[in-house]
Peer 1: 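Questions regarding the structure given below will be posed in turn.
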Amino acid sequence: STIPVSKGKNKASTSSSSQNDDGLIQEILRDNDLYSILGVPTTGVLDKMTLRRAYLARSRGCHPDKFPSNPHATQAFQKVSVAYNVLSTPHLRKRYDDHRASRGSGLGSSPSGDNPNAEFDVFASGRPS
Amino acid sequence: MQGEREERETVDKNVVAIGIDIGTRYCRVAVWQNSHPVIVPDEEGNRAMHNYVSFGSDARLIGSGAKARQAVNTRNTAYGVKRLLGRNYRDPHSQEFIKMAPFTLISKGGYPHVQVEHLGKQEVFAPEEIIAMQLSKLKNMAQTFAQSDNLRVAVSIPAGFSALQRQAISDACEIAGLPDPLLIHEPAAAAMYYTFYSTENPQTSAGEKTILLVDIGAGTTSATVMSIDDGVVETLAVASNVQLGGDDLDHLLVKYVVAELKTTHGVDIGGEASVLSRLSSACERAKRALSSAQTAPVNLEGLGLSERVQLPYLVIKRDQFDALCSELYAAISKLVRDAMTQSGVRKTDIREVLLIGGATRTPGVAASILNSFEDSSPTLVKVRNLDEAVVYGLTIYSAALSKAEKSAEAQKVLDEMVVVDVIHHPISIAVIPNPDSSSEDAIDYLPPDGASPHECVLKTIMERNRVSPTRECRVFSTAIDDQTTVHIQIYEGADDDPDNNISLGYFELHGIPKSPFLGQLSKVEVCVEADGRGRTVFATASHNSEQGNATRTVSLHPGKLAHDTKREMSRRVEMFDKHDRIHEAQTLRRNNLEGYCYNAPGSIEELKRGVDRCLRRLDDTGLMPLSDEELALQEELLVALAKRVLPPGYAIVRQPA
């Protein structure tokens with residue numbers, strides 16, 4: 001009687017994890033905030049290790065090698081790597097934080113074309129044309 | 001039912017994950033079996049196949065057989081052609097190889113091709129075709145070994161290979177009937193191997209660690225700084241030299257011996273290709289011996305010089321050898337320093353130095369790498385099998401990304417595995433520089449259609465060691481008023497002179513609307529995207545303004561063979577494979593028949609004696625009835641003897657009573 005139980009467990013875990021992963025890719029594609037793209041808190045101290053762990057976890061979750069049949073994985077991964085690069089480079093992060101503050105807490109707001117800080121607009125370059 | 005279907009989605013028992021490592025000197029193939037990579041040996045039991053293809057009047061030989069036949073079939077035996085992949089005929093590196101090679105290389109369409117006599121006809125093969133012949137053999141070995149032809153293949157690419165060289169490997173795979181292979185850089189593959197076996201051992205996998213991996217093959221060398229954490233292998237920086245390797249150590253030794261023979265014996269063998277090729281093998285053996293001994297002889301007896309040189313061998317001391325190679329050691333140390341600087345990792349943060357590739361066995365090589373660490377002394381890790389690490393790693397990653405069958409533990413480890421690689425060369429665009437380059441906002445100009453390339457300089461838009469897949473956009477402007485077309489040229493490399501880089505391709509964006517304001521130039525955004533496997537570069541140029549829009553996207557495949565050419569090459573490779581199989585079957589049959597003819601008289605003699613024995617037995621017993629057992633025994637004895645008289649393939653089947 002233990003066999004069907006463990007089988008059921010396995011089934012549930014594999015199916016939910018693969019759904020989650022595809023969901024993560026969708027989530028990252030929709031997201032416009034570097035902090036949530038990387039999955040790290042916006043407040044408090046962000047040390048190198050935390051960023052690194054988040055980056056490695058996200059790499060596992062959306063690297064295109066892992067999702068050969070999902071054409072969006074490449075884009076999602078590119079966004080993650082830009083987010084990691086900006087947030088782990090102090091002067092880039094400072095500029096991004098300033099930009100983010102001036103934009104208000106407009107999470108997920110659509111990027112405007114005349115934005116002077118367009119370099120952080122990873123979403124524009126990551127969006128299919 | 002539901003559960004079963006899901007299982008089928010993740011596991012397909014027919015899928016076999018394999019890895020193929022194409023080296024400069026050897027290639028190897030491994031198959032994922034029982035949740036481990038297993039090397040497939042060739043027909044002689046060798047775990048590595050020599051990169052030799054020998055042509056001739058009867059059939060091709062590929063691998064060790066070809067190497068063995070080289071001495072008597074020198075002009076028809078091609079080897080080492082990997083060095084020619086993606087290079088044109090006039091390239092100095094091609095020329096150097098062509099000068100040394102004892103077989104004929106001709107220029108066809110500007111690219112070096114191998115010219116041989118095969119089956120009584122003159123044939124010309126592209127380097128891609130020669131590699132494809134080897135790949136086809138490796139594929140067949142793997143299929144026979146795994147008893148499946150549903151292969152998922154990962155193939156190695158040396159670190160630092162150019163876009164043209166990567167494309168050539170990819171084309172060779174397609175010609176060999178291995179479409180859409182997973183192309184993995186060698187250092188990443190080796191790190192996979194290391195990770196897979198260190199995660200199995202919990203003592204060695206404590207959190208993230210930064211390592212330096214030095215891979216010195218026969219013809220390519222790389223130093224890679226990597227971070228390894230729970231199966232995620234991230235390349236932080238790589239420095240490579242695709243013209244440096246263990247073969248160069250041999251060449252230096254050859255040069256030394258040639259000079260020595262000239263000065264002390266007055267014999268000049270500098271121009272004798274076949275003598276040099278044999279001397280090269282002798283020097284390689286001496287180099288190997290020097291890895292564990294302080295002195296080693298270079299054997300001169302087999303060179304065919306006995307009439308001119310009265311010297312059986314020349315003794316080389318290890319420090320003499322190290323002195324000869326000091327420049328090479330320095331070049332290796334330079335790569336290590338370069339990779340370290342690029343990665344931004346401090347020397348003290350490197351926990352381990354991993355050595356891969358046969359040439360790292362040379363003690364001077366390892367010493368020079370460790371010397372560059374000065375005070376901090378990282379652990380030197382020599383993986384158990386430094387020649388096979390790459391092919392093992394390829395097979396492991398191929399299994400991780402495929403539906404090949406895995407044990408529960410292996411599945412868990414492989415699920416966590418991913419390689420985050422970087423681009424090994426910068427990507428640049430040809431622009432006309434803005435004269436006002438002091439200003440940070442100065443936008444460079446894109447040349448109009450037909451502009452001379454010499455007005456242009458290269459603007460790097462992606463630095464090397466950038467995480468891939470990657471995408472980058474830059475805004476440029478038209479160069480002159482009323483310019484409606486821009487010419488976009490994309491290069492791999494960052495040398496100021498476009499000619500010193502590899503052209504990935506070019507295209508034009510037409511129909512850029514004129515600006516209504518006099519003297520105002522139009523803006524064009526150029527986006528470049530490199531895919532994760534280093535196979536494709538996409539480029540998009542777009543103009544968006546109130547006056548109108550124009551966009552064009554192209555995918556760049558520099559040096560890619562035309563589809564029809566590849567089909568024709570594929571057909572040829574298949575034809576030769578088929579011919580060889582038929583030839584092999586005929587040879588076997590002939591050998592069997594010959595063997596039978598030699599053995600038959602003896603067997604017939606034995607049968608005669610057996611018949612006599614049987615008759616005597618029957619005579620002795622006279623009219624006494626024989627037991628069934630006794631009769632059966634006599635029958636068996638005779639049938640066994642009669643069987644040996646029959647030619648191979650024939651059988652006596654006793655009718656059931």
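A, B, ... follow the sequence lines: proteins, then strands. Residue 1 opens every chain.
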Peer 1: Can you list every ring-ring contact (aromatic ring centres under 6.0 Å, His included) pair that touches residues 28-62 of chain A, not counting sequence neighbours?
Peer 2: A/Tyr55-A/Tyr84
Peer 1: Working to the nearest 0.5 angstrom, can you tell me the gap between A/Asp65 CG and B/Ile184 CD1?
Peer 2: 6.0 Å
Peer 1: Looking only at heavy atoms, what is the nearest atom pair of A/Phe77 and B/Pro469, with distance?
Peer 2: CD2-CD, 3.6 Å
Peer 1: Could you tell me which non-hydrogen atom of A/Lys66 sits nearest to which non-hydrogen atom of B/Leu414, and how far apart they are?
Peer 2: NZ-O, 3.2 Å
Peer 1: Can you find a heavy atom in the side chain of A/Arg53 that is under 4.5 Å from one in the side chain of B/Asp229?
Peer 2: yes
Peer 1: Grab the two heavy atoms, one from B/Leu236 and one from A/Arg52, that are nearest each other, plus how far apart they are.
Peer 2: CD2-NH2, 4.4 Å
Peer 1: Nearest 0.5 Å please: distance from the NE2 atom of A/His63 over to the CE atom of B/Met417.
Peer 2: 14.0 Å
Peer 1: With side chains defined as the heavy atoms from C-beta onward, is the minimum distance between A/Arg60 and B/Asp230 less than 4.5 Å?
Peer 2: yes
Peer 1: Which one of B/Glu529, B/Arg466, B/Glu525 has the most heavy-atom pairs closer than 4.5 Å to chain A?
Peer 2: B/Glu529
Peer 1: Work out which heavy atom in B/Glu234 is nearest to a heavy atom in A/Leu56; give both atom names and the distance.
Peer 2: OE1-CD2, 4.5 Å
Peer 1: Would you mind checking which part of B/Asn544 comes under 4.5 Å of any heavy atom in chain A, side chain (CB onward), backbone (N, CA, C, O), both or neither?
Peer 2: neither
